[in-house]
Protein chains: 2
Amino acid sequence: MTVTLADVAARARVSPATVSRVLNGNYPVAASTRERVLRAVDDLDYVLNGPASALAAATSDLVGILVNDIADPFFGIMAGAAQTEIGGPGDGSGRAGGEKLAIVCNTGGSPERELTYLTLLQRQRAAAVVLTGGAVEDPAHQAAMSAKLTKLADAGTRVVLCGRPPLPDSEAVVAALAFDNRGGGRRLTEHLLSLGHRRIGYVAGPLERTTTRHRLEGHRDAMRAAGLAGDEERLTVHGPYDRRSGYDATHELLRREPEVTAVVAANDTVALGASAAIRDRGLRIPEDISVAGFDDLPFSVDAVPALTTVRLPLFEAGARAGRLAMGKEKPPPGGIATIAAELMVRGSTAPPRVG
Amino acid sequence: MTVTLADVAARARVSPATVSRVLNGNYPVAASTRERVLRAVDDLDYVLNGPASALAAATSDLVGILVNDIADPFFGIMAGAAQTEIGGPGDGSGRAGGEKLAIVCNTGGSPERELTYLTLLQRQRAAAVVLTGGAVEDPAHQAAMSAKLTKLADAGTRVVLCGRPPLPDSEAVVAALAFDNRGGGRRLTEHLLSLGHRRIGYVAGPLERTTTRHRLEGHRDAMRAAGLAGDEERLTVHGPYDRRSGYDATHELLRREPEVTAVVAANDTVALGASAAIRDRGLRIPEDISVAGFDDLPFSVDAVPALTTVRLPLFEAGARAGRLAMGKEKPPPGGIATIAAELMVRGSTAPPRVG
DNA sequence: CTGTTAGCGCCTTCAG
DNA sequence: CTGAAGGCGCTAACAG
């Protein structure tokens, strides 16, 4: 029925072990023998049995990339970049060579699904796992994650964090690439303050996520430094990282405080929704209200007016995470690297109206 | 070292066979026995060995989802939707149950990588494969794809096409969900014609892709029906499906023909770039030039002015593909379904200036 | 450089 | 309902 390695061996008149060796290419085989085997493989249209191979070798060529929301380019860009480093270029023959199979798993931001996927990857004896994006801060979940990642690491799976803060005290992780969300958030708000804004609304991401907290903390640090503490709670509205949330939260914000002169959004997608809400109220950007985002996704520069935001080098970070997962790059000192966030000032922010 | 099924059996004082049966749940086991086994599993923190299981059972719980560009929400939305149907909700314990592992593979639009991923999936004995988005029209590649998909199907892998036209003559495919790209393209251009536009530029996608061709054919059908044939080549510029391409191609288009009053883009992302180019030339949308896109991605409604486009039910299509891949839904008659594309008229299109 | 020999960990008949 | 036994297809020592 299905052709096996033994069939190939028979046809090439060699032993199964030899066939295995030429297929894996990690052992010397005479050129003529290799030739013969390869021809047999082609003749028989043989395809390696992944599970059998993984079982015998006790490793597999799967690399998992976990993302919170695959429909969000924030994750898509990182995952795609990681995949280019992991997947190899292919040999143009459609025959799979020694490359790894980079697979993207969409957790939808759910802690349960995150753990489930890790278990599934553990089952598959994944060669590496890349966790992207912010983490949920629930202590129970964090403990479960630590435990799970430790087990994965013990089983030989390389664990890399990308755009996620390092775990409290885990030796399991090869490397953690953390974005400077706090610094970026701070500089963004400082920019608004320097323009003269004082009443700044904040449309935050979902509660209990590190990304949300860090960006918000950066914002509040800046506010506090400017002597504007005290009104934080009232001027902050939380919601998911999507367009709709930005829209709704901004309406809520302007209801609570119509005198807001600037709105900082949790990310660019939310900023888009916020902008729509502001316009629906008949207000202009940036003349009446300034708007700022975070991430600098590709569409942000094309918004009208172009969106002031904080640029995160998503592609570069994803690619680096991919290389780390493949062991192609040396981990940073201490296993932790902070990735800079750059303020991008564009047309959506301007000084507040006088009066 | 690693705990195996036999360890669990020993601890639960049953045979390995019994443990296997409770784990797979597809065979009657006494409640008390099951209880004991489950407890042993928890005590020992046992994780099933996927490869061993797949080898013995000759099947696996992997489902592959192939996308052309994971950073593009067009694919992200479909893939995410498919994954919700495939991955199951999890049981909240982080312990993986009977669900499938939905994995997204990013081909980058490369035919070679597409075939490579299919081979990798074939190796893993994937339970199903979902191919999303347009196909490359190169005959050699199409033949190779047909052959590969047939082999996958023969090995028991369910193949589903989502947003991709059915293969010429393949019995391999369970179901093909094709978008009505041609009809959508035609109606979009008819809309522009009805507004009074006559000189319409077209920023097309990459050559040799079904999506590109069908949308362009719809456009040209409409032009021809209006007696406006003849100038197609000059008013069409091809490029990748990205923002940059839309920007560059639109500049090129306006260089070739400054009298263009409307630009139709291959998709919404391209339309964003086209809009930026138009503005950079000091022209207004829609007063000087109308712009239209395709897909109706989430950001399109927030563009300024809001983008006229053709809505594709990406989430619904992806979810349906996921269900078909799981065998949860009956395939459409003949295995082929055409998914309607709906014209969304918004602010970016208006009658051309008079004179 | 190549063949031989044992498993890898699990599922699945087949008996009981 | 449960146990025993064989093998899924491949790899990894060992010999030669």
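In what follows, chains are A, B, ... by sequence order, proteins preceding strands, each numbered from 1.
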Listed pairs, N/O of protein and of nucleotides 2-5 of chain D, under 3.5 Å:
unit_1, atom_1, unit_2, atom_2, d
D:dT2, OP1, B:T33, OG1, 2.4
D:dT2, OP2, B:A30, N, 2.8
D:dG3, OP2, B:S15, N, 2.9
D:dG3, OP2, B:S15, OG, 3.3
D:dG3, OP2, B:T18, OG1, 2.9
D:dG3, N7, B:R21, NH2, 2.8
D:dG3, O6, B:R21, NH1, 3.3
D:dG3, O6, B:R21, NH2, 3.3

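Not a single side chain to side chain donor-acceptor pair (under 3.5 Å) links B:T33 to another residue, sequence neighbours left out. Take B:N24 and apply the side chain to side chain donor-acceptor pair (under 3.5 Å) test, not counting sequence neighbours, and it matches B:S20. Qualifying salt bridge (charged side-chain N to carboxylate O under 4.0 Å, His left out) partners for B:D43, counting only residues two or more places apart in sequence or in other chains: B:R11. Judged as a salt bridge (charged side-chain N to carboxylate O under 4.0 Å, His left out), and not counting sequence neighbours, the contacts of B:R164 are B:E114.
Between B:D7 atom CG and C:dG9 atom P there is a gap of 9 Å when expressed in whole angstrom units. Separating the CG atom of B:N24 from the P atom of C:dC11 is a distance of 5 Å, rounded to the nearest angstrom. Here the P atom of nucleotide C:dC11 and the CG atom of B:D61 are 11 Å apart, to the nearest Å. Taking atom CG of A:L55 as the reference point, atom P of D:dT11 lies 11 Å away to the nearest angstrom. Per the geometry, CG belonging to A:L48 stands 9 Å off C1' belonging to D:dG9, to the nearest Å.
Contact annotation: B:S20 does not reach the phosphate of C:dC10 (side-chain N/O to OP1 or OP2, under 4.0 Å). In terms of phosphate contacts, A:N49 brings no side-chain nitrogen or oxygen within less than 4.0 Å of OP1 or OP2 of D:dC8.
Ranked by how close their nearest DNA chain D nucleotide is to the 5' end, A:A54 and B:A57 are led by B:A57.
Residue A:A56 places its side chain closer to D:dG9 than to any other of C:dC10, D:dG9, C:dC11.
Between the side chains of B:S15 and B:T18, at least one donor N or O lies within less than 3.5 Å of an accepting N or O.
Atom CD1 of B:I86 and atom CZ of B:R323 lie 11.0 Å apart (nearest 0.5 Å).
None of A:L38, A:L48, A:V19, A:V22 except one satisfies the side-chain contact (heavy atoms from CB on, under 4.5 Å) rule with A:V8; the exception is A:V19.
Residue contacts for B:L5: at a heavy-atom cut-off of 4.0 Å it reaches the sugar-phosphate backbone alone, with no base atom in range.
Note on the helix from C:dC1-D:dG16 to C:dG16-D:dC1: terminal axis deviation equals 20°, with five pairs used at each end and the result rounded to 10°.
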(request) Evaluate the criterion side chain to side chain contact (heavy atoms under 4.5 Å, CB included) for residue pair A:V130 and A:L324; output intermediate values, then yes/no. (result) CA-CA 9 Å; A:V130 178; A:L324 287 162; over 6 Å; no
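Distance alone, capped at 3.5 Å, places no donor-acceptor pair between the A:D42 side chain and the A:R39 backbone.
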